[in-house]
Amino acid sequence: QDAPEWLGGELKKPLSETRIGITVLYPGSNAYQAKYAETAEAYSQELGIQATVMDPQGDPAVQFDQIQDMASQNPDALVVWPTSQNALIPAIRNASRSGIPVITSNSPIGEAGRRYIVGHTGPDDCAQAEQAAEMLGDALGGEGNIVVVEGTPGYSVSILRKNCFLDRLADGYPDVNILASQTAEWNREKAQTVMETYLTQFGDEIDGVYAFDDGMGLGVISALQGAGKEPGEVKVVTCNQFGEGWDAMKAGWHSGSNKQSPVDDAILAIQTAVKVANGIEVPELQGIETPKVLPENVDEFERPTW
Amino acid sequence: MEQRFKRLLRRHGLVVAFLVFLAGVAFNADAFLTPGNILDVLRQVSITGMMAVGVTFVVLTGRLDLSVGSLLTLLTVIVVDQHNVAGPFPAIVMTLIAGLCIGAFNGLLVGFVGLNALIVTLAMLSFLQGLVLFYSGGSNVNVENAQDTWFAVFGRGEFLGLPLPVILFLVGAVIAGLVLQFTTFGRRVYGVGGNETASIFSGIDARWTVFWTYVISGFTTGVAAIIMGSRVMGAQNTIGQGYELTVLAGVILGGTSLLGGSGSIWRTVIGISMLGFIQNGLLLLGFPYYVQWLVTWAVIIVAVWIDLGAKRGRIFA
Amino acid sequence: MSDVVLKVKDITKTFPGVKALDRVSFDIRPGEVHALVGENGAGKSTLMKALAGLHRPDEGQIFYQGEAIEVAGPLDARRKGILLIHQELSLSPELSVAENIYLGAWPTNRFGVLKKRELRRDATAALEALGCGFGPDVRVGSLSVAKQQMVEIARAEAFRANVVIFDEPTASLTDSEKDQLFHTIRGLKARGVGIVYISHKMDEIFDITDRITVLRDGQVQGTVDTRDTDLNQITRMMIGRTLDTYFVKAKAEFGAEVLRVEGLSNRPLFEDVSFSVREGEVLGLYGLVGAGRSELVETIFGVRRADAGKLFWKEGEIELPTPRQSIDMGMALVPESRKEQGLVLMMGGRENTSLPHLRLFSEVSVMNRAKEMAVFEKYRSALSIKTTGPDQAVSQLSGGNQQKFVLAKWLCADPKLIILDEPTRGIDVGSKSAIHELIAELAEQGLAVIVISSEMPEVLGVSHRVLAMSEGSVVAEFEGAAMTEEHLIDAVSHAREPVAAE
Amino acid sequence: MSHTSTVTTDRSPALAALSWLLRNHIWVFLALTIIVFSLASPYFLTLNNLGNILTQGAFIGILAIGMTMVMIDGEIDLSVGAVLALASALAIGLQDHMGVWPAVFLGLMSGAALGFLNGSLVALSGMHSFIVTLGGLIGIRGLVFVYTGENALMVPDFSYTEIPEIYLGPVSLTAIIFFGLALLFQWVLSSTRHGRETYAVGDNIEAAHDAGINVKRHKIINFTLCGTLAAVCGILLSMRLGTAEPNAGRIWELWTIIAVVLGGTRLQGGFGSLWMTIGGVLTLAVLRNGLRLLNTPNYVELMVMGSVLILALVLDKILNRREAT
Ligand SMILES: Nc1ncnc2c1ncn2[C@@H]1O[C@H](COP(=O)(O)OP(=O)(O)OP(=O)(O)O)[C@@H](O)[C@H]1O
Ligand SMILES: Nc1ncnc2c1ncn2[C@@H]1O[C@H](COP(=O)(O)OP(=O)(O)OP(=O)(O)O)[C@@H](O)[C@H]1O
Ligand SMILES: [Mg+2]
Ligand SMILES: [Mg+2]
């Protein structure tokens, strides 16, 4: 069988005999993860490899079991989108010790585990959060009061999107003041509830909102609409744009997000996994682009299908 | 005077505790007891409240329904998805029918087959979660023409200055309350919950009674899903996760006995509103979410204990 | 040994709203059987619970073997040698006989590990001393009621009790089991144990006791030697008047047949039962406990499903009904257990009364409260029920008043046939004769009545015709002059013999 | 409160065997699932995989031990998932300050303390344990977040994660601890005063009380045991993961209840044993592992778990009915 072009090397065995295990964060929880899982499955089929895509339902312990179960089937490579930065290190260590190459995708694992993986692919959550801080800071002209709507606390994505945002904001925009920060558990309806409460509490004081993802951002926009705000009156900035968020940006409700493609993310992960399965060297870190999407340049991007 | 106060406390200890809480928060947060905020809270609790109205029927017969959270997710996904496919009216009809059917299935297993309600509805929780993922393929669904569909009224509309979801919730609660207080069906529900065997000996078909309470619970969850879909104009596969516990906590907080036979809708309305006001009040006071959890814990224990102690006339068991 | 083993002095106990015991004094001598009698709610159980450490009296003293004692709790009482055998048996069905005998007082080493061998040995000894026919390892839940009671009595041996209190022990025993129990009681008595015996069955009281103390409204009316008194005196002390006729039989004027049963079976509970009952007739159903009478009437009523047989209602054959259909036809079943089958305890009298006839008390499914109230008031005065109001939870009422609400809920819809399953179990003599009068009255109004009873005088006294049941079959039918105790005993015991010989 | 059931008289061996199967049908169920999965997946019956199943099942298993005790008492504990998260957070978070073993000990104590709190609230207030521990489920998770400040805590020294890496053949230390604890508590249930009291209390609480058993103290002890075992589970989990996740153990209480009920312990109390619970735990672990090996999508797994649970209940119903008549 001919090696595909992107492989950059020889196939050690036919693609149809290549077995890869993939465990994705939580396809049930948002569109990005769902699209990622869907793409992973479709792309594996296209390549003709044997891939197992699994869902740990956000529970690191379950993901741990999944890695263990996959490792006991001796796959050629494992792709792990870790639910937790550090909790999976022992599992990955054990898989790696039994000779199975592991790559992580989308979210990185903690420092201590880096030596057990062959490579990492995916977007940089921290960079996205920093971008969000910049976009919001700029939209407010460097000063104003903002509120924050967080994801489910305790997961690495939430932690990165919080801390990197706060750091960047403190560094670059000292006059932006954070009025309050609450979790809405990645839930659009809860985001709406939290935002409604903010509006009651702070009223017109709020100049901007940062939501950890677009799903919650849409809940925030709903609340703004409910409170009779005009588009753009309150600046809403999120990470990781969804289709509806794109629409909202066109309509003027949304002031900044970033494009992150689950399709690119999944394909890159699988290509990398096939490479390591064939013993080909891969770079330690392969990023995917996450350009800022702003009302000015929103037309340059296609409407996301997720 | 003191006697009267004692009696008031005994019968309405819960309400008194609630008022004390409200006053406490209002003292510290000016925005709390404003009409706008109260309406906001009511709007927020209208979803869980609507579900709690149905679940109260189930709990009154001495059963449980833990599947309502997953069912809410499924039905919200259905209503939003079908709205895009078939339009709002068919979507609403389909959602309500789906809610009725799944309620009926629970009712069949618990009422007629006689399985343990906790486990059956736990199993349904898992099963329905799977069904949602199967139905949606894991992706989110959104109402496509969100700007110009009349479907938006359920979540966002107003009538006489009251938000429509609040009206739906209150009307649902009043109807349910009337049904429980004044109809033969209500009497059967209390009878079966109070003493199932004696009710059977009185010619009441406990199986059907239990069956219908689950159907009602499925139906109110359907209405809640319509409010949810309309409020959010979209649905995630996790949107109803954990709602079963909130709903149950509200029902219990209202003082409806898990053993069945005692409790009422208006108490459920109080219980679930209490949860809403607690969450809102703590948000307004700027407490982090985990403090909310700690307070919810404390409130559940204290309120239920006060209620129980007042009924018993003694603090300790 | 002093001549009084246990003595209570001026004990008072108040419950919210009720003075259950009012300066009660009372003593028990070693080797005597001391009866405690009184109306329902007189305070008998409360007094005994105070002795056994289940209630703490508000005032008063307890002297045990001459010393004033405090009974800290039930186990303390048991350890001291005071044992209460409850109205409702106090056993754990899933545990073994041996574990139940020593419930809560198991022999253990210092670390709480059971000394199983010792437990078994002691339990075996206690069982053998009583002559029980079962071993210490049997699961209690698998024993019959009488045998379960033996397990409780075995505690008297095990704890070397000096005082044993029986609270209505014969309520669910057969005659032969009762004889066995009396044998055991005499055995205990012979060993110098002081025994308190609570019962509403006067024949038992006069049969086995030495002295009688009468309680009324929480006060002692007096203590008399059994030899020196008679039924009339005791009744007068209990209820303030004498009861001249014990049993009133309805006039024998029968109308058309109301119910006929042919070949009804519900294996293995009963098999091939046939009988009929007419308007104005009282049909007695006699048998020993476990004969299957309750199951038979429950099957007729539709609470249980039959597996064969035909029912005829007013001469027309009908499908085996559901309880709903039975009620709508005009059948009423007063079940044997009022707390479990008869009443919704947290509801008031009004709601309990209308429960079986919701359709009659409603228009298009909406309850008509006025109608409910009218019926409630009617029966409250007709049956002179003592209750504070229509919504007082029936759980707060005494047993007799509860039973009256069970009757009310069935009478209020004018049934054609009323089945009464043990209507007087656990009911004091006064209320008992009221119920007997009621039965006669109902029959004279033209109802068909079926009465189940394990008390032979009662069944003979109220019925026009008696069916004897044994082991799930009707073994004989008696009418008129043939209705005698000898015949009945003969019928049920002959039927049992071959089984017993097996 | 009396139960009716057939008198146990001597029966033929075949009948006795049948009756044993009826009472222990979870083992038949387990055997069936094992057969199905070993036919369906070549990886299932490997020694390595069986070892994995035992280890994976052990976590729910350890929770299930405590839950069984509490459920025989006629109570329920919904807070075990949150308790285990707190114990694991303390066991890791405190290591910096006081070293590994003292931290682990304090983690254990936190479980005991919370169990004690749950038990005391149930016993003193007379509230249904469902309510008390439902509150705990929410509130104790709050404590976890108060302590961790949302972050997952990582062990300072990864050799901590090697502690449970002791194997007896394919059987890990975690699994050994589970079986050890299960045997220990089965012995407690069958041979100690406390164990027999557990049955007595769940079976007929009035009788137990009248017999002088201190029902309140007894229940507090069982809740404390349940909390402590949840902490054991949390500590083993922290050793397995090397981190303490604030979200660890979410909805595990449901899996635990499912395992215990699958085993056949009666929810109303009075009946059950750890043998049956082990069967339930293993069945659950086999199902989850087998479905993963078969590469079934997540939604199939969820639907199969739901269906199996209902099936098990229906089976239980049919079998028990047959036994009862
Ligand atoms: N735990 C309690 N709380 C409140 N009232 C009680 C309680 N126990 C008994 N009573 C009341 O005390 C009175 C005496 O009750 P007790 O049970 O001693 O009667 P009894 O003589 O045993 O009657 P019976 O023959 O029906 O068994 C009754 O009025 C009863 O309602
Ligand atoms: N030998 C026995 N062992 C165990 N349980 C028994 C036994 N005999 C009867 N029972 C149970 O006791 C209850 C009463 O028995 P049943 O209803 O058959 O008797 P009955 O003829 O109606 O007598 P009664 O109404 O006087 O109790 C039933 O629930 C039955 O299952
Ligand atoms: Mg009594
Ligand atoms: Mg009977």
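Here is the naming used below: chain letters follow the sequence lines, and residue numbers restart at 1 for every chain. For the numbers below, each heavy atom of this structure counts, side chains included, while hydrogens, waters and symmetry mates do not.
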For this session: Report the C-alpha separation of D:Ser191 and C:Lys116 in whole Å, then their side-chain angles, then the decisive distance to 0.1 Å, and conclude whether the side-chain contact (heavy atoms from CB on, under 4.5 Å) test is met.
Result: CA-CA 8 Å; D:Ser191 302; C:Lys116 286 190 177 174; 3.3 Å; yes

Exercise. When you look at CZ of C:Arg121, are more than 12 heavy atoms from neighbouring residues, nucleotides or ligands closer to it than 6.0 Å?
Worked result: yes

For this session: Assess whether atom CZ of C:Arg117 is packed by more than 12 heavy atoms of other residues, nucleotides or ligands within 6.0 Å.
Result: no

Show me, pair by pair, the donor-acceptor contacts under 3.5 angstrom made by side chains of residues 102-114 of chain C, not counting sequence neighbours?
from     : atom 1 : to       : atom 2 : distance (Å)
C:Trp106 : NE1    : C:Glu99  : O      : 2.8
C:Asn109 : OD1    : C:Phe111 : N      : 2.7
C:Asn109 : OD1    : C:Gly112 : N      : 3.2
C:Asn109 : OD1    : C:Val113 : N      : 3.1

Exercise. D:Asp210 and side-chain contact (heavy atoms from CB on, under 4.5 Å): which partner among C:Leu84, C:Leu75, C:Leu54?
Worked result: C:Leu54

Seminar exercise, completed: d(C:Ser92 OG, D:Arg196 CZ) to nearest 0.5 Å is 9.5 Å

Seminar exercise, completed: Closest non-hydrogen contact found for C:Pro74 with D:Gly212 is CG-N, 4.0 Å

Exercise. Under 4.5 Å, heavy atom to heavy atom, which residues of residues 215-223 of chain D contact chain C?
Worked result: none

Exercise. With respect to chain C, which residue among D:Asn214, D:Thr192, D:Val188, D:Ile213 yields the maximal number of heavy-atom pairs within a distance under 4.5 Å?
Worked result: D:Thr192

Exercise. If you count the non-hydrogen atoms of other residues, nucleotides and ligands that lie under 6.0 Å from CZ in C:Phe134, is the total more than 12?
Worked result: yes

Exercise. Pick from D:Ala200, D:Gly195, D:Ala211: which one has the most heavy-atom pairs with chain C under 4.5 Å?
Worked result: D:Ala211

Exercise. Is it the case that more than 12 heavy atoms not belonging to D:Phe116 sit under 6.0 Å from its CZ atom?
Worked result: no

Exercise. Is the number of heavy atoms from other residues, nucleotides or ligands under 6.0 Å of C:Lys339 NZ greater than 12?
Worked result: no

